[in-house]
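Lettering of chains follows the sequences in order, A, B, ..., and the numbering in each one begins at 1. What's counted below: heavy atoms across the whole structure, side chains too, no hydrogens, waters or symmetry copies.
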There are 2 protein chains.
Amino acid sequence: MKLTERKITTELRKHGYKLTPQRQAVIDTIVASQDLLTPARVYEKVSREHPDIGLVTVYRTLELLSRLGLICELHSGGTCPTYTASNPEHHHHLICSGCGKVVDFTGHNLAPLENRLARESGFRIQNHVLEFIGVCSACQETK
Amino acid sequence: MKLTERKITTELRKHGYKLTPQRQAVIDTIVASQDLLTPARVYEKVSREHPDIGLVTVYRTLELLSRLGLICELHSGGTCPTYTASNPEHHHHLICSGCGKVVDFTGHNLAPLENRLARESGFRIQNHVLEFIGVCSACQETK
DNA sequence: CTGCTAATTGATAATCGTTTTCAGTTGGAC
DNA sequence: GTCCAACTGAAAACGATTATCAATTAGCAG
Ligand SMILES: [Mn+2]
Ligand SMILES: [Mn+2]
Ligand SMILES: [Zn+2]
Ligand SMILES: [Zn+2]
């Protein structure tokens, strides 16, 4: 289940962060979008309702939310990182190369592969990145 | 099998690119290193033997080699992309968070998962990214 | 070997995304 | 309401990457 705006604000408070209108606006924007958003795109969207927000505050808020695990930061796209609403369970992403839509998935099992690699390489494995890139059904129709 | 310097230069020629001393130096450096290298780090290494090379040429060469699939470009690290020698088969990477060492692996089978996701999401899946991050045996000893 | 030419190079400047700085503002505890 | 650490936005600084352009050169044709 994706985090709701309510849960995110509660979580912020729990960690002692203030709940400013700017932060609420950024949170609303990310939760409302199903897509990967760059910092610039978040700024653009937030600015519509909240024209006085600074780009710097968008960067700071994204960094904060990401650090608390409330949003997901992805890199596979191109140059700059992109963000999407998070899901508190361990999960990975299916990303549309057409429109940036993100679908979370769980239920994969990389443990056997991870064990094999640890054995063969001598690495102590701590983490993994798994993403599928494709074309969503909406974008398939736009031929 | 990782590409040798010989194979890379042959491949360049095949695509009609000139084989300049600068390109050879960049290729040698990447092939000689087992690690992920940033453009700046490649430049630093190449400069030792070839002090007149420009950083711009390093960027251009990395872009070219990456486009031809002769080196792998990774993003999972931090801010800027990193490069490592490529392997012509479909493969993924095991990356040491301590020293940047990269080990290629093959023999994974994501097809069942990929099929399930395609069915459930309606996506046409084209590609995937899979990386394991850990600590190599040498770095484990450096406690 | 010699010339030719398109490809390549490196210095410089421009650009892009991000971070730092800092003085003014404000959320929320009391 | 008062207070203060947390927060904000403007501006400047910054690091990485890309564009521009005149000079050089790899590799081919003669
Ligand atoms: Mn997610
Ligand atoms: Mn590789
Ligand atoms: Zn799409
Ligand atoms: Zn290591």
Below 4.0 angstrom from OP1 or OP2 of C/dT9, is there any side-chain N or O of B/T20? yes
If you round to the nearest 0.5 Å, how far is CG of B/L36 from OG1 of B/T84? 5.5 Å
Please tabulate, for the side chains in residues 21-29 of chain A, all donor-acceptor contacts under 3.5 angstrom to protein atoms that are two or more places apart in sequence or on a different chain.
{"unit_1": "A/R23", "atom_1": "NH1", "unit_2": "A/K18", "atom_2": "O", "d": "2.8"}
{"unit_1": "A/T29", "atom_1": "OG1", "unit_2": "A/A25", "atom_2": "O", "d": "3.0"}

May I ask whether A/V129 and B/F105 are part of the same hydrophobic cluster, defined by side-chain heavy atoms of I, L, V, M, F, W, Y residues being less than 4.5 angstrom apart, directly or through others? no
Rounded off to whole Å, could you give me the CG-to-P distance for the B/L12 and C/dA7 pair? 15 Å
In this structure, how many angstroms lie between the P atom of C/dT20 and the CD atom of A/E63, rounded? 10 Å
Distance from A/R67 atom CZ to A/H15 atom NE2, nearest 0.5 Å? 9.5 Å
Please report the distance, rounded to the nearest Å, between CG in A/D52 and C1' in C/dG24. 15 Å
When you measure only distances, ignoring hydrogens and angles, does the side chain of A/R13 come within 3.5 Å of the base of C/dG28 through a donor and an acceptor? no
Grab the N/O contacts between the protein and nucleotides 12-15 of chain D below 3.5 Å, and write none if there aren't any.
none

Please report the distance, rounded to the nearest Å, between CD in B/Q24 and C1' in D/dG27. 14 Å
Just verifying a value: how many Å separate A/H93 NE2 and A/I133 CD1, rounded to the nearest 0.5 Å? 11.5 Å
Would you say A/H92 and A/H128 are linked by a side-chain donor-acceptor pair, where the criterion is simply a distance under 3.5 Å? yes
When the distance from NE2 of A/H15 to C1' of D/dC7 is rounded to whole Å, what number comes out? 18 Å
Interface polar pairs with nucleotides 15-17 of chain C, N/O, under 3.5 angstrom:
none

Protein-nucleotides 2-6 of chain D N/O pairs under 3.5 Å:
{"unit_1": "D/dA6", "atom_1": "O4'", "unit_2": "A/K18", "atom_2": "NZ", "d": "3.4"}

Let me know, please, whether A/I53 or B/L19 comes out on the 5' side of the other along DNA chain D by nearest nucleotide. A/I53
Can you name the salt bridge (charged side-chain N to carboxylate O under 4.0 Å, His left out) partners of B/E73, sequence neighbours left out? none
Would you tell me if any nitrogen or oxygen in the side chain of B/Q22 comes within less than 4.0 Å of OP1 or OP2 on C/dT8? no
Figure out the CZ/P separation between B/R60 and C/dG10, and round it to whole Å. 7 Å
Take atom CD in B/Q126; do more than 12 heavy atoms of anything else shown fall under 6.0 Å from it? yes
Check for me, please, whether A/L37 and A/V56 land in the same ILVMFWY cluster - side-chain distances under 4.5 Å, paths through other members count. no
Distance check, rounded to the nearest 0.5 Å: A/L94 atom CG versus A/D104 atom CG? 9.5 Å
Atom-pair distance (CG on B/L55; P on D/dA16), nearest Å: 9 Å
In whole Å, I'd like the distance from the OH atom of B/Y43 to the P atom of D/dT18. 17 Å
Taking the side chain as every heavy atom from C-beta outward, state whether A/F132 and B/N127 have any atom pair closer than 4.5 Å. no
Go through the structure and list residues passing salt bridge (charged side-chain N to carboxylate O under 4.0 Å, His left out) with B/E44, not counting sequence neighbours. B/R41, B/R48
